[in-house]
Amino acid sequence: MLAELVCLVAAVVAATVSFRLSGTLLALVCAAAGTLRLLPDPWWATVRNRGRGFDTSLLYGAALAMGLLTWSVPG
């Protein structure tokens, strides 16, 4: 979780330099959250009303959509 926070701050700083770098970092944050959701206890015990597969596919889908959107915008 600390790595995700560091990556979010890096994305904010990178936004002043490059839109694509910032968007890629934000996509990596979503992918990292999806990977954390796949880990065994205690990480997955925080959310109990949905399945791990659903959360992971949702987060990976969001990461893919963010990455595609970032790289499809003309620079």
Side-chain angles (χ1 to χ4, degrees):
M1 298 299 271
L2 181 60
E4 287 183 16
L5 181 62
V6 169
C7 196
L8 279 173
V9 171
V12 170
V13 171
T16 61
V17 177
S18 170
F19 168 77
R20 289 195 172 147
L21 179 61
S22 177
T24 303
L25 285 173
L26 288 175
L28 286 175
V29 167
C30 282
T35 303
L36 280 177
R37 185 69 172 108
L38 284 176
L39 293 177
D41 288 336
W43 293 105
W44 66 271
T46 58
V47 179
R48 294 179 187 257
N49 60 345
R50 293 184 310 266
R52 289 168 44 184
F54 176 78
D55 284 348
T56 302
S57 62
L58 186 70
L59 287 165
Y60 284 158
L64 180 67
M66 248 188 262
L68 289 175
L69 181 66
T70 297
W71 288 96
S72 68
V73 173

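Note that the coordinates shown come from a computational prediction; the quantities given were computed from them, not determined experimentally.
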Before you tell me yes or no, could you show the steps for T56 and T35 under side-chain contact (heavy atoms from CB on, under 4.5 Å), namely the whole-Å CA-CA distance, both residues' side-chain angles and the distance that decides it to 0.1 Å?
CA-CA 7 Å; T56 302; T35 303; over 6 Å; no
A31 versus A63, closest heavy-atom pair with distance
N-CB, 3.8 Å
Verify same cluster id: M66, L8 (apolar side-chain graph, 4.5 Å)
yes
Test your reading of the model: is there a side-chain donor-acceptor pair from S22 to the backbone of A14, 3.5 Å cut-off?
no
To check you understand the geometry: which heavy-atom pair defines the closest contact between R20 and V73, and what is its length?
NH2-O, 2.6 Å
With T70, which residues qualify under side chain to side chain donor-acceptor pair (under 3.5 Å), at least two apart?
none
Just to verify, what does L64 make a side-chain contact (heavy atoms from CB on, under 4.5 Å) with, not counting sequence neighbours?
L68
Show the nearest heavy-atom pair for residues A27 and G67, with the distance to one decimal.
CB-N, 4.0 Å
For the CG atom of L39 and the CZ atom of R52, what is their distance to the nearest 0.5 Å?
8.0 Å
Roughly how far, to the nearest 0.5 Å, is the CG atom of L25 from the CG atom of L21?
5.0 Å
Minimum heavy-atom separation for D55 to R37, with atom names?
OD2-NE, 2.6 Å
Roughly how far, to the nearest 0.5 Å, is the CG atom of L38 from the CG atom of L59?
9.5 Å
